[in-house]
Amino acid sequence: LITDVSIKNLITCDFKQLKELYLGGNQITDQATEHLIKCDFKQLQVLYLDGTQITEISILQIMNNFKELKNLNLYGTQIKDEWIRNSNIC
């Protein structure tokens, strides 16, 4: 089980080459997103956040910081399809 605290511990690790990260089904919130951004995943292309408790705020931060991201899985989150369509993040 991964939590916000677990994500915070990733900051000290060197994952700059990481291309895929699967965090779906874990107990992470917007607080975890703040920690993920500090990890500096410059090459991240795939991010699974399905079934987590993140909100629209996290999605905006993710899209602004992970420029190489091609696949973002948000199934089962609070994020609504309508918000995604209207936010111009796609």
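Values reported hereafter were calculated over all heavy atoms of this structure, with side chains retained and with hydrogens, waters and symmetry mates removed.
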Could you tell me whether the side chain of Ile7 reaches within less than 4.5 Å of the side chain of Leu23, counting heavy atoms only?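 Leu23 reaches Ile7 side chain to side chain.
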Among Leu36, Thr33, Ile2, which one satisfies side-chain contact (heavy atoms from CB on, under 4.5 Å) with Ile28?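 Considering Leu36, Thr33, Ile2, a side-chain contact (heavy atoms from CB on, under 4.5 Å) with Ile28 is found only for Ile2.
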Quick test of your reading: applying ring pair (Phe, Tyr, Trp, His ring centres under 6.0 Å), list the pairs with at least one residue in residues 42-64, sequence neighbours left out, ordered by first then second residue. Tyr22-Tyr48
When rounded to the nearest 0.5 angstrom, what is the spacing between [atom1] in [X] and [atom2] in [Y]?
X	Y	atom1	atom2	value
Glu56	Lys80	CD	NZ	8.5 Å
Gln45	Leu21	CD	CG	13.0 Å
Asp50	Thr77	CG	OG1	8.5 Å
Glu34	Asp4	CD	CG	9.0 Å
Leu49	Ile54	CG	CD1	4.0 Å
Cys39	Leu44	SG	CG	10.0 Å

Going by the rule side-chain hydrogen bond (donor to acceptor under 3.5 Å, both in side chains), which residues pair with Gln27 if we only count those two or more places apart in sequence or in a different chain?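 Per chain and number, Gln27 pairs via side-chain hydrogen bond (donor to acceptor under 3.5 Å, both in side chains) with no residue.
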Just to verify, what does Glu82 make a side chain to side chain contact (heavy atoms under 4.5 Å, CB included) with, not counting sequence neighbours? Arg85, Asn86
Side-chain polar contacts of residues 61-72 - donor-acceptor pairs under 3.5 angstrom, sequence neighbours left out - could you list them?
{"residue": "Asn64", "atom": "ND2", "partner": "Leu60", "partner atom": "O", "Å": "3.1"}
{"residue": "Asn65", "atom": "ND2", "partner": "Gln61", "partner atom": "O", "Å": "2.7"}
{"residue": "Lys67", "atom": "NZ", "partner": "Asn64", "partner atom": "O", "Å": "3.0"}

Any residue meeting salt bridge (Lys or Arg N to Asp or Glu O under 4.0 Å) with Lys42, in chain and number order, not counting sequence neighbours: Asp40
When Ile, Leu, Val, Met, Phe, Trp and Tyr are grouped by side-chain heavy atoms lying under 4.5 Å apart, directly or through other members, which residues fall in the same group as Leu1? none
Are Leu47 and Phe41 close enough, and set up right, to give a side chain to side chain contact (heavy atoms under 4.5 Å, CB included), and what steps lead you there? CA-CA 11 Å; Leu47 179 58; Phe41 297 133; over 6 Å; no
Hey, any chance Ile59 and Ile37 share a hydrophobic cluster, counting ILVMFWY side chains that come within less than 4.5 Å of each other, even indirectly? yes
Qualifying salt bridge (charged side-chain N to carboxylate O under 4.0 Å, His left out) pairs, either residue in residues 17-33, two or more places apart: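 Applying salt bridge (charged side-chain N to carboxylate O under 4.0 Å, His left out) to every pair that reaches into residues 17-33, excluding sequence neighbours, yields nothing.
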